[in-house]
Number of protein chains: 2
Amino acid sequence: MHVTLKTIAEEAGVSITTVSRALAGYGDVNEQTRRRIIEIAERLGYQPNLAARHLRSKRTYTIGMVIPRTAHYSDPFFMELVAGVGKQASEHGYDLLLSAQMQGEEELSAYRRMVAGGRVDGMIVARVLWQDPRIAYLRQVYHPFVAFGRTEDPAHPYIDVDGAEGMYQLVAHLVEYGHERIALIQSPRELAFTADRCGGYRRGLEAFDLPYREEYVIQGNLTRHSGRLAAEKLLALPTPPSAIIACNDLMALGASEAVHARGLRVGRDVAIAGFDDIPEATTATPPLTTVRQPIYGIGHRLVDMLVRLMQHEEVDNTQVLLQPELVIRASSGTPPTR
Amino acid sequence: MHVTLKTIAEEAGVSITTVSRALAGYGDVNEQTRRRIIEIAERLGYQPNLAARHLRSKRTYTIGMVIPRTAHYSDPFFMELVAGVGKQASEHGYDLLLSAQMQGEEELSAYRRMVAGGRVDGMIVARVLWQDPRIAYLRQVYHPFVAFGRTEDPAHPYIDVDGAEGMYQLVAHLVEYGHERIALIQSPRELAFTADRCGGYRRGLEAFDLPYREEYVIQGNLTRHSGRLAAEKLLALPTPPSAIIACNDLMALGASEAVHARGLRVGRDVAIAGFDDIPEATTATPPLTTVRQPIYGIGHRLVDMLVRLMQHEEVDNTQVLLQPELVIRASSGTPPTR
DNA sequence: ATTGAAATCCAAAACGTTTTGGAGTACCCT
DNA sequence: AGGGTACTCCAAAACGTTTTGGATTTCAAT
């Protein structure tokens, strides 16, 4: 039989109220009674029914997060983020409710289920879109959330990495290494960080008096495969670029494959750079030059901020822009010898 | 204001019961009434309160999983598993409740919170221990679960990979490549798969008339760092081994570092092999010879089996032993030339 | 006209908790 | 004796849903 407050109350000869208040640590129950109740609760292995508690108190101590349901394998960016968020959530006494959904309508209905269904106290939103319906929804219902990524349009709590600055540094780095034909494999336009990063790329070119060439900018969709396809197109141009920057590491790794497949060597014949610094960037051959986003640590900070928002504490700064860190590895070649 | 069944009932001029039954699709409500109710529900954006539903119906459509709360970074094995489980859970209409906990008492109390607290319909247990208190608990309360890993002691539903066979194949492979001094970096004894894998190692040695040498077996704790330490000890022996097998990939990668640090080359001077085939195994330098556990796919199958158990369907086989697949890469060297 | 069955609806209970608004006692101070 | 305070305790309501066990109406068949 399942043991409830009622079981304990009968065993102890007190009311349900008293048991509840004894276990919750209220001051209005005799110390001796409390000890007896606690002893009985432990002996019977009492576990509060959380559904009942949530129903009554409206607090779930759960954080929600929806991740993309990809066809076959796992996205290292999201897995790293889940790890960071899950760890820090536990640290604060929260569990993490995960739902993997196809992007679009299905995803939004998962948000509604979690939020309006009262299953979570707050949400983490990752990979923000340009006009993000998820953020619009959360704002509309005044539900606590923090996003990894920013949009200017409606201001909201976020943590983000300065992608423009990161891209600028990449361009500067490649120019220093002697490159003048620098291509870009772009992320989908609807992603909020795309404009940011592409802006940094353009600003970099301008700063070093390099022309912006239409044919050097190709659209990818963040997957390794799309990076490979894009790089193949670039390398087949009459005047192929000597360096390729991808908007994320996965596409950069795909581009490396394309370079290999052409019989060229990454870092010597073609320089490659990515963005994110996923674990694989370190161990790839050659290791990938990239811009570091401390994803795991950002997961921590997202939760820290969200926990304070959920508890309606004063948060000094709900819009955090982190400075990126250029990580130079072998894929961008060797410094020019002078 | 929050919209509940009551709101809709008032708007439609019917009872709460009727609204509930209309939305649930019961046959005892007039088709016209049903349509009106559904129209109102959609117009008001009704979302059922899941806590209330769970409290009453005892079904949560949630699967629980506890992962280790490691100090700093994410364990690729668990992240891969979470990805597979999360994806397939969504496919079945389930969400995934994750809790990151330190192993031991804290972990067990997370199990109790989820199970006895009525938050989940079933659990996935990963990295099974020799006499696993989590499994003992789940069996005691008759709660549905499936484990990744097996213990003989109490029989339970599981999916596992035949570690003994995998290890045997690794040894055979290394012997074929000319090795006679094959060391083992062992996983912690309390893990269920340790006995399995070590047994395969011994059986392999015996089959090829190689001696089992105490000093060639060193204890690790599954982390990269422990693999490195173990390999350093092995390489410092008077007669160091020519090949090292680690019980998981992470330790094998650590061992590679130790080999590098000694100025030796992995694959030429010392052969290294691991177990798991995590994503990094492919991209490491040199790529790691290992035994493949299709972790993502196992996540799928765990959920498939669990869903059937939770719905009390007949399950033909609740104990699945998968045959492993030897994946030969450069870290074990080149075939002998004859 | 009566009966029976089918179709449609609903009041009330139940799930297990927290919270509200006191009630009862004991004791001390005037 | 009366009034105040501190300390313990509790009945009942509330959270929003599902389910139980009818009640009512309609209509066709006798």
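Sequence lines set the chain letters: A, B, ... in the order given, protein chains first and strands last, and positions in each chain run from 1.
Straight-line distance from the NE2 atom of A:H2 to the C1' atom of C:dT17: 12 Å, rounded to whole Å. The separation between A:R59 atom CZ and C:dG16 atom P is 23 Å, rounded to whole Å. Atom CZ of B:R21 is separated from atom C1' of D:dT19 by 7 Å (rounded to the nearest Å). Put simply, CD on B:Q47 is 10 Å from P on D:dT17, counting in whole angstrom units. Nucleotide C:dG16 holds its P atom 12 Å from the CD atom of A:E10, rounded to whole Å. In this structure, CD of B:E31 is placed 16 Å from C1' of C:dA6, rounded to the nearest angstrom. Between B:I8 atom CD1 and C:dC10 atom C1' the separation is 17 Å, expressed in whole Å. For B:L5 and C:dC10, the CG to P distance is 13 Å, given to the nearest whole Å.
Here the nucleotide nearest the side chain of A:R53, chosen from D:dC10, C:dT18, D:dT18, is C:dT18. For B:P48, the side-chain atoms get nearest to D:dT17 when compared with the rest of D:dT17, C:dT18, D:dC9. Nearest nucleotide to the B:L55 side chain, out of C:dG16, D:dT17, D:dC9: C:dG16. With C:dC10, D:dA14, C:dC15 as the candidates, the nucleotide lying closest to the side chain of B:T18 is C:dC10. Side-chain proximity of A:D28 to the nucleotides D:dG16, C:dG16, D:dC9 is greatest for D:dC9. Among the nucleotides C:dG16, D:dT17, D:dA11, the one closest to the side chain of A:A52 is C:dG16. Checked against D:dT19, C:dT19, D:dT18, the side chain of A:T17 finds its nearest nucleotide in C:dT19.
Within the nucleic acid shown, A:N30 comes within 4.0 Å of sugar-phosphate atoms alone, with no base atom in reach, counting heavy atoms only. Counting non-hydrogen atoms under 4.0 angstrom, B:N49 reaches the backbone sugars and phosphates but no base.
Considering only side-chain N and O atoms, A:Y26 lies nowhere under 4.0 angstrom from the phosphate OP1 or OP2 of D:dT8. Distances shorter than 4.0 Å separate some side-chain N or O of A:S15 from OP1 or OP2 on D:dC10. Using a 4.0 Å cut-off, some side-chain N or O of B:Y46 falls inside it from OP1 or OP2 of D:dT17. Look at A:K6 and you won't find any side-chain N or O under 4.0 angstrom from OP1 or OP2 of C:dC15. For the OP1/OP2 pair of D:dT18 and a distance below 4.0 Å, the side-chain nitrogens and oxygens of B:S20 include at least one atom meeting the criterion. For D:dC15, the OP1/OP2 oxygens have no side-chain nitrogen or oxygen of B:T4 closer than 4.0 Å.
In terms of modelled atom types and a separation under 3.5 Å, the side chain of B:T194 and the main chain of B:A192 share no donor-acceptor contact.
Residues A:Y137 and A:Y111 keep their aromatic ring centres 6.0 Å or farther apart. If you look at B:F78 and B:F148, their ring centroids are not closer than 6.0 Å.
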### Query
How far apart are the C-alpha atoms of B:I63 and B:D121, what are their side-chain angles, what is the distance that settles it, and do they pass the side chain to side chain contact (heavy atoms under 4.5 Å, CB included) test?
CA-CA 6 Å; B:I63 292 173; B:D121 295 340; over 6 Å; no
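A:S15 and A:T18 form a side-chain donor-acceptor contact under 3.5 Å, judged by distance and modelled atom types alone.
Applying the 3.5 Å distance criterion, the base of D:dT17 shares no donor-acceptor pair with the side chain of B:R56.
Checking B:G13 against B:S57, the closest nucleotide of DNA chain C that is more toward the 5' end is the one next to B:G13.
Relative orientation of the A:Y296 and A:H300 rings is tilted, given thresholds of 30° and 60° on the angle between their planes.
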